[in-house]
Amino acid sequence: MAEMKFLEVMRGRTVFPPPIWMMRQAGRYLPEYRETRKRAGSFLDLCYDPDMSVEVTLQPIRRFGFDASILFSDILVVPHALGRDLRFVEGRGPMMTPIKAQDVDALDGLLFHVNLEPVYETVRRLRRELPPETALIGFCGAPWTVATYMIAGHGTPDQAPGRLFGFSHPEAMEALLAKLAAQSAEYLIRQIDAGADAVQIFDSWAGVLDEASYEAWCVKPVAEMVRRVREKHPEVPIVGFPKGAGMLYDSYRAKTGITALGLDWSVPLPQARRLQALGPVQGNLDPMRLRAGGKALEEGVDRILEALGDGPLVFNLGHGITPETPIAHVEAMVQSVRGASR
Ligand code: CP3
């Protein structure tokens, strides 16, 4: 059997046209997702129900035939499985009771894998049901990004509560990140055991930190996670996505040991090329180009293929697709990428 295109790129090979998938590809822009989501009741019920999670994971694969499928879940199931409360409120996103410095030691990993068993079951079923040429990507949040929601209790524009917590309670922050790194590594290992072909670590809030905090709170815990996952599964590719890291992208791969770099749309293509000379990259179309469609979309796709098409590239957005995006634009993007010639 020919190797999956996504994995070929992860091994450092150039595949053209490149494999393509989208962050948040199972989501509200799809009517069939909205229908399943309504049936599920709450977003978390959807995440913990293998029948429905499998269904929504497969929806974008059926429609667009993407080269990779990402497990349907959320990064916040990790703190939830450690005993923190979590709700998703319509129009507001995740809500948690903010963790205090004195609560960190009480985080309880005893039922961690029991609580996450539905996720592992979803992965097992997905690997059986997906076409053999479609890679299955497992994922988790990076410790810093997960910690920002645990600390603030909800999303914020710049994660000021998380940053303030880190500077005010450096020891509690270090303990929290170490705990999350250890548990999240275990979580990824179990997803791989269950059949994930690769994993992605989402550090969506890497871009709000100064250099020293970025090193301590993003790079160091992710490096520890990579070390642990590689100990068990040395061959499985790990995609790192330190969104917004700017110049700090340059040293991320070497310092963390990840396989491939997920690039957000603000990474200039010349920098992306330099990063690609050192290994595979994934990205980085602005999701608003996709939403706008037409010329903005065509130009965005062309520029990325022109700059990065002759090296190991996984075509993706620079962040998740938004709910308002027309399906016809996704079809157009897939067509341009798949129909591209050099
Ligand atoms: O990419 C995929 O299709 C897989 C599923 C996935 C979801 N969340 C489903 C989801 C993945 C990989 C995530 C990751 C995630 N979750 C991140 C990191 C990536 C990123 O987008 O920055 C973060 C920060 C979260 C936390 C989270 N979950 C927030 C802030 C929100 C609310 C924002 C929103 O878009 O509503 C969610 C909810 C969420 N996670 C939805 C989906 C499909 C929408 C909820 C719904 O359907 O009601």
Side-chain angles (χ1 to χ4, degrees), residues 20-49 52-61 63-64 66 68-80 84 86-96 119 122-123 126 135-159 162 180 184 187-188 191 196 198-208 218 239-245 262 264-265 282-283 287 316-325 330:
I20 174 172
W21 69 281
M22 296 190 305
M23 289 188 274
R24 286 280 170 95
Q25 63 191 17
R28 286 165 294 183
Y29 73 105
L30 290 176
E32 59 269 37
Y33 172 86
R34 294 196 298 269
E35 199 273 317
T36 314
R37 171 79 171 73
K38 211 187 298 162
R39 246 190 321 123
S42 82
F43 174 69
L44 270 183
D45 287 335
L46 178 52
C47 289
Y48 291 126
D49 183 301
M52 287 191 280
S53 302
V54 167
E55 168 57 25
V56 295
T57 306
L58 295 176
Q59 285 168 352
I61 306 303
R63 230 184 222 276
F64 310 111
F66 288 125
S69 170
I70 185 159
L71 160 72
F72 186 83
S73 182
D74 196 81
I75 63 167
L76 299 178
V77 300
V78 164
H80 195 221
R84 303 302 297 175
L86 172 64
R87 290 175 301 137
F88 282 84
V89 179
E90 219 58 57
R92 285 213 58 190
M95 307 286 291
M96 312 177 77
V119 178
T122 301
V123 175
L126 278 170
L136 175 57
I137 304 173
F139 76 90
C140 69
W144 159 248
T145 286
V146 172
T148 61
Y149 290 96
M150 295 173 75
I151 293 163
H154 52 82
T156 73
D158 54 8
Q159 304 300 23
L180 287 171
S184 303
Y187 180 49
L188 291 182
Q191 292 181 41
V199 291
Q200 176 156 329
I201 302 173
F202 286 87
D203 215 344
S204 305
W205 291 98
V208 299
C218 291
V239 183
F241 179 52
K243 180 173 181 287
D264 69 73
W265 70 85
Q282 173 176 285
N316 204 318
L317 306 179
H319 197 200
I321 181 173
T322 59
E324 307 80 7
T325 307
V330 179

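All ligand and atom numbering here is 1-based and tracks the order in the structure.
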Item to complete: May I ask you to identify the nearest protein heavy atom to atom 31 (C) of ligand 1, giving residue, atom name and distance to one decimal place in Å?
Response: P94 CD, 3.7 Å
Discussion item. Once you restrict to heavy atoms under 4.0 Å, what part of K243 touches ligand 1? Side chain, backbone, both or neither.
Written reply: neither
Fill in: Presence of salt bridge, E90 and R37, under 4.0 angstrom
yes
Worksheet item: In the protein, what heavy atom is nearest to atom 28 (N) of ligand 1, and what distance, to one decimal place, separates them?
Response: D74 OD1, 2.7 Å
Practice prompt. Run the contact test for H319 against ligand 1 with a 4.0 Å cut-off on heavy atoms, strictly below, and give the result.
Written response: yes
Discussion item. Is any side-chain heavy atom of V77 closer than 4.5 Å to one of Y48?
Written reply: yes
Response to the item:
Value for CE (M96) from OH (Y149), rounded to nearest 0.5 Å, stands at 11.0 Å
Practice prompt. Between L71 and ligand 1, find which residue part has any heavy-atom pair under 4.0 Å and reply side chain, backbone, both or neither.
Written response: backbone
Worksheet item: How close does the nearest protein non-hydrogen atom get to atom 13 (C) of ligand 1, and which residue and atom is it?
Response: R24 NE, 3.7 Å
Fill in: Check: T322/T325 side-chain N/O donor and acceptor closer than 3.5 Å
yes
Fill in: Identity and separation of the nearest protein heavy atom to atom 46 (C) of ligand 1
R37 NE, 3.3 Å
Worksheet entry | 4.5 Å side-chain heavy-atom contact, K243 and W265 | yes
Fill in: Residue F88 vicinity, atoms of ligand 1 by number, heavy atom under 4.0 Å
28 (N), 37 (C), 38 (C)
Item to complete: Provide, to 0.1 Å, the distance between atom 42 (C) of ligand 1 and the closest protein heavy atom, together with that atom's residue and name.
Response: F43 CE1, 3.5 Å
Worksheet item: Is the CZ atom of R34 crowded by more than 12 outside heavy atoms at less than 6.0 Å?
Response: yes
Discussion item. Tell me the contacting part of S73 for ligand 1: side chain, backbone, both, or neither, using a 4.0 Å heavy-atom threshold, strictly below.
Written reply: backbone
Discussion item. Can you report which non-hydrogen protein atom sits closest to atom 47 (O) of ligand 1, along with the distance?
Written reply: Y33 OH, 2.5 Å
Worksheet item: Within a strict 4.5 Å, meaning less than it, do heavy atoms of the L44 and D74 side chains meet?
Response: no
Worksheet, complete the sentence: protein heavy-atom neighbour closest to atom 23 (C) of ligand 1 works out as I75 CD1, 3.4 Å
Worksheet item: Nearest protein heavy atom to atom 36 (O) of ligand 1, by residue and atom, and its distance?
Response: R28 NH2, 2.8 Å
Practice prompt. Quick one: sort the F88 and F43 rings into parallel, tilted or perpendicular, breaks at 30° and 60°.
Written response: perpendicular
Practice prompt. Before signing off on this row, confirm whether A26 and ligand 1 have an N or O atom pair separated by under 3.5 Å.
Written response: yes
Item to complete: Determine whether the side chain, the backbone, both or neither of W205 has a heavy atom under 4.0 Å from any heavy atom of ligand 1.
Response: neither
Worksheet item: For atom 22 (O) of ligand 1, which candidate among S204, G320, G93, G138 provides the closest heavy atom?
Response: S204
Fill in: Beyond-backbone contact of I61 with Q25, side-chain heavy atoms, under 4.5 angstrom
yes
Worksheet item: Are any of the side-chain heavy atoms of P79 and L86 separated by less than 4.5 Å?
Response: no
Worksheet entry | Ligand-residue contact atoms, ligand 1 with Q25, heavy atoms, under 4.0 Å | 1 (O), 2 (C), 3 (O)
Discussion item. Closer than 4.0 Å to some heavy atom of I70 - which atoms of ligand 1 meet that?
Written reply: 1 (O), 2 (C), 3 (O), 4 (C)
Item to complete: May I ask you to check whether E90 has an N/O atom sitting below 3.5 Å from an N/O atom of ligand 1?
Response: no
Fill in: Heavy-atom check, side chain of F72 versus side chain of T122, under 4.5 Å
no
Worksheet item: Would one find an N or O of Y149, backbone or side chain, under 3.5 Å from an N or O of ligand 1?
Response: no
Worksheet item: Does any non-hydrogen side-chain atom of N316 lie less than 4.5 Å from one of M23?
Response: yes
